[in-house]
There are 2 protein chains.
Amino acid sequence: MTTISDIARLAGVSKTAVSKVINGHADIGEATRRKIMNIMAELNYRPSVLARGLTLGKSWLIAVCLFPDQAHMSGRAHNLESRFYGPIINSCNDYLSQRDYDLLVLSSNPTTRENAGVWYRDKLQERRVDGYILISHVSQLAALATLNEVQIPRMCLGIKMPGFRSAYIESNNYRGAHQGVQYLHTLGHRRIALIGDTNSSMSGRHRMQGALQAVREYGLTIPDGAITYGDFSRHAGSDAMKSMAEIIRSERVTVVFAFNDYMAFGAIDAAHELGMSVPGDISVMGFDDVELAADFHPALTTIRQNTAVMGEIIGESLIKLIEDSQFEPPEVMVDTTLVIRSSVSPA
Amino acid sequence: MTTISDIARLAGVSKTAVSKVINGHADIGEATRRKIMNIMAELNYRPSVLARGLTLGKSWLIAVCLFPDQAHMSGRAHNLESRFYGPIINSCNDYLSQRDYDLLVLSSNPTTRENAGVWYRDKLQERRVDGYILISHVSQLAALATLNEVQIPRMCLGIKMPGFRSAYIESNNYRGAHQGVQYLHTLGHRRIALIGDTNSSMSGRHRMQGALQAVREYGLTIPDGAITYGDFSRHAGSDAMKSMAEIIRSERVTVVFAFNDYMAFGAIDAAHELGMSVPGDISVMGFDDVELAADFHPALTTIRQNTAVMGEIIGESLIKLIEDSQFEPPEVMVDTTLVIRSSVSPA
DNA sequence: TTGTACGCGTTATCAT
DNA sequence: ATGATAACGCGTACAA
């Protein structure tokens, strides 16, 4: 593998001269500059990130730390396959690669899973990672404490964890749910049912608060028993729907608002099984806008989390945190978007 | 950040002694060994991978190079979100992390997309990546040629590209499709329809060959016009089904075998739209076993690609290629599994 | 422009 | 048998 010394020797100059050309310093003659450039191009020379990182104390590495909550794996696996985190990480990577940072995927393996916190901490340290994305859940706060021992900027997703240069980003779940209910009201729905989050996740709570607030504002009615809870999985949505079927009929509920798409899918499954058509007999609204939502039958009306925007903001914020010590770790709220499709019809 | 010199100083020994302890060399006294160990533990010391990589000429980095074929993005996006590659990469990462390798996600950004080959080559070189997974498509062979300029072991997925220590892995698509038709025959189906791949991907062709071979072996009939092609997207499956609807009815076809799950979903959509029940009026079989297959209504009978196994084999092979120069780059065929659910019933 | 020291480990080589 | 000294890997930065 070609090194900077090779280039220097072939060009008949010092390593310093080559280094200056590489880094675009001005104090180098045009003639030597061109000569060096040519030789580098000819040999396809690429400076070693390891070596330059060693002196500069940087790795140009951003890690993704996926820290699953075993109990809640069902609806949203915390790995690259996740329908929610996958798109975010992707768009973040697109941004980062434009800024010459690369993405390292840290996913604690089965054997290290017990003390994954330690494993992640060590990895971050060993690799001199410049910043990381922490994807986890409130229930993991204790297990993650060790991460605070290493002082690296981070963006938290799904868990707001205080610490060194620790930023946080989430969708405006409150507003999103509020917006959803408002839309239902606009369509003339007056009696609604909700499917919330069994596990008291931050996002689940905010969606509930936003929805309930809108229900009050617009004077809607939620009959007794028309709020059920699920674990964000499709089955849970189906179960929830079945358990509310009787109330929906007797109380003339016209729409079910599930707090994520998968539970909405499940609710629709159940409706069909129960001989109800969607949205003919009952409308169903989701939350997230996962890929499948558009392809579902009926296509799901839902509240979109803008994953592309989130990914970009994450990348941008991380780089600012890394490169500008004055930059304060932000707490970002990303607006959601109402996506009107066909699972909700006028009341 | 603590360095090896810090440890050495605090322990009152030389860097060499510390290094020997880190690497478990035998020529070190038990007393000093323990002393050094204690200090390292106390300070939470982790040797820099950059520094050790610099001397050892290793990075313990495996890259994933996602090289999309613009034309075929529809059914199978070549990124982490892919329903097919995502699980493979995940399981591979699980294996690699046990062997102390980490996964670097290289996804050429929009601006570098034109000459992505060069971008990837440079990244691999700069980071001194130890090995990589190349995910692409035959149509990209020319664009990827530059990758061969860098001599790093690789595993190819979706594209068989000769080169330095270049291995290849795929599902046994031929056998899988054969197996599928055999199963249909077992259930008494005699007149069948196929939905193949418009783009002549390797896997698509093998599936077609395997299916046709089995059709001959078991003496089944494919009526004229009962083979259509799609681009592996759901819509294509739907279109294919609609275009064959007439023939299916008139020729008493009892089952449609789509060469991927998404087209199977689309075919089922169309069947429903056309007032046919699945599997009552027509059976539908898929290929891949993506996550959704189990949750679909009706749950999809399909041929599973064993992504978990593939990921592990990829990791294992890469490490062997890296660490043992005698190891010959293998061409692996991974067997598929027939997954019987409810979209196919006896004829 | 160049020489030189430095960043952080590893590995001969050598001394006890 | 143990452990120290010194050179090295590949770039960058500072003084000259």
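Lettering follows sequence order; numbering is per chain, from 1.
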For A/Gly57, which contact category applies under a 4.0 Å heavy-atom criterion: base, sugar-phosphate, or nothing? nothing

Closer to the 5' end of DNA chain C via nearest nucleotide, is it B/Leu54 or B/Val18? B/Leu54

Result for side chain to side chain contact (heavy atoms under 4.5 Å, CB included) between B/Leu124 and one of B/Leu104, B/Leu61, B/Ile152 points to B/Ile152

Under 3.5 Å donor-acceptor pairs involving side-chain atoms of residues 25-36 of chain A, not counting sequence neighbours:
residue, atom, partner, partner atom, Å
A/Asp27, OD2, A/Lys20, NZ, 2.9
A/Thr32, OG1, A/Gly29, O, 3.1

Rounded to the nearest Å, what distance is computed from the CZ atom of residue A/Arg46 to the P atom of nucleotide D/dG11? 11 Å

Is it the case that the side chain of B/Ser19 and the backbone of B/Lys15 share a donor-acceptor pair, with hydrogens and angles ignored and the cut-off at 3.5 Å? no

Specify the separation, in whole Å, of atom CZ of A/Arg34 and atom C1' of C/dT1. 19 Å

Candidates D/dT12, D/dA4, D/dA7 - which lies nearest the side chain of B/Ala17: D/dA4

Rounded to the nearest angstrom, tell me the gap between atom CD1 in B/Ile28 and atom P in D/dT2. 9 Å

Within the structure shown, what part of the strands sits under 4.0 Å from B/Thr3 by heavy-atom distance: base, sugar-phosphate, or nothing? sugar-phosphate

Would you mind classifying the nucleic acid contact of B/Ser48 as base, sugar-phosphate or nothing, using non-hydrogen atoms under 4.0 angstrom? sugar-phosphate

Using a 4.0 Å heavy-atom cut-off, does B/Ser5 contact any base of the nucleic acid, only the sugar-phosphate backbone, or nothing at all? nothing

Which nucleotide in the set D/dG11, D/dG3, D/dA4 lies at the smallest distance from any side-chain heavy atom of B/Thr16? D/dA4

Between B/Gln125 and A/Asn44 (side chain of the first, backbone of the second, donor and acceptor by atom type, cut-off under 3.5 Å), is there such a pair? yes

Under 4.0 Å, counting only non-hydrogen atoms across every strand here, what does A/Arg33 touch: a base, just sugar-phosphate, or nothing? nothing

Using a 4.0 Å heavy-atom cut-off, does B/Asn23 contact any base of the nucleic acid, only the sugar-phosphate backbone, or nothing at all? sugar-phosphate

How long is the line joining NE2 of B/His25 and P of C/dA12, in whole Å? 10 Å

Report yes if a side-chain nitrogen or oxygen of A/Arg52 is closer than 4.0 Å to either non-bridging phosphate oxygen (OP1 or OP2) of D/dT12; otherwise report no. yes

Between atom CD1 in A/Ile4 and atom P in D/dC8, what is the gap in whole Å? 18 Å

Measure from the side chain of A/Ser14, starting at C-beta and using heavy atoms only, and say which of C/dT2, C/dG9, C/dG7 lies closest. C/dT2

Are B/Asp102 and A/Glu126 close enough, and set up right, to give a side-chain contact (heavy atoms from CB on, under 4.5 Å), and what steps lead you there? CA-CA 12 Å; B/Asp102 291 312; A/Glu126 285 177 354; 5.8 Å; no

Nearest-neighbour nucleotide for the A/Thr55 side chain, C/dT10, D/dT12, D/dA13 considered: D/dT12

Return the nearest nucleotide to the side chain of A/Val13; candidates are D/dG11, C/dT2, C/dT10. C/dT2

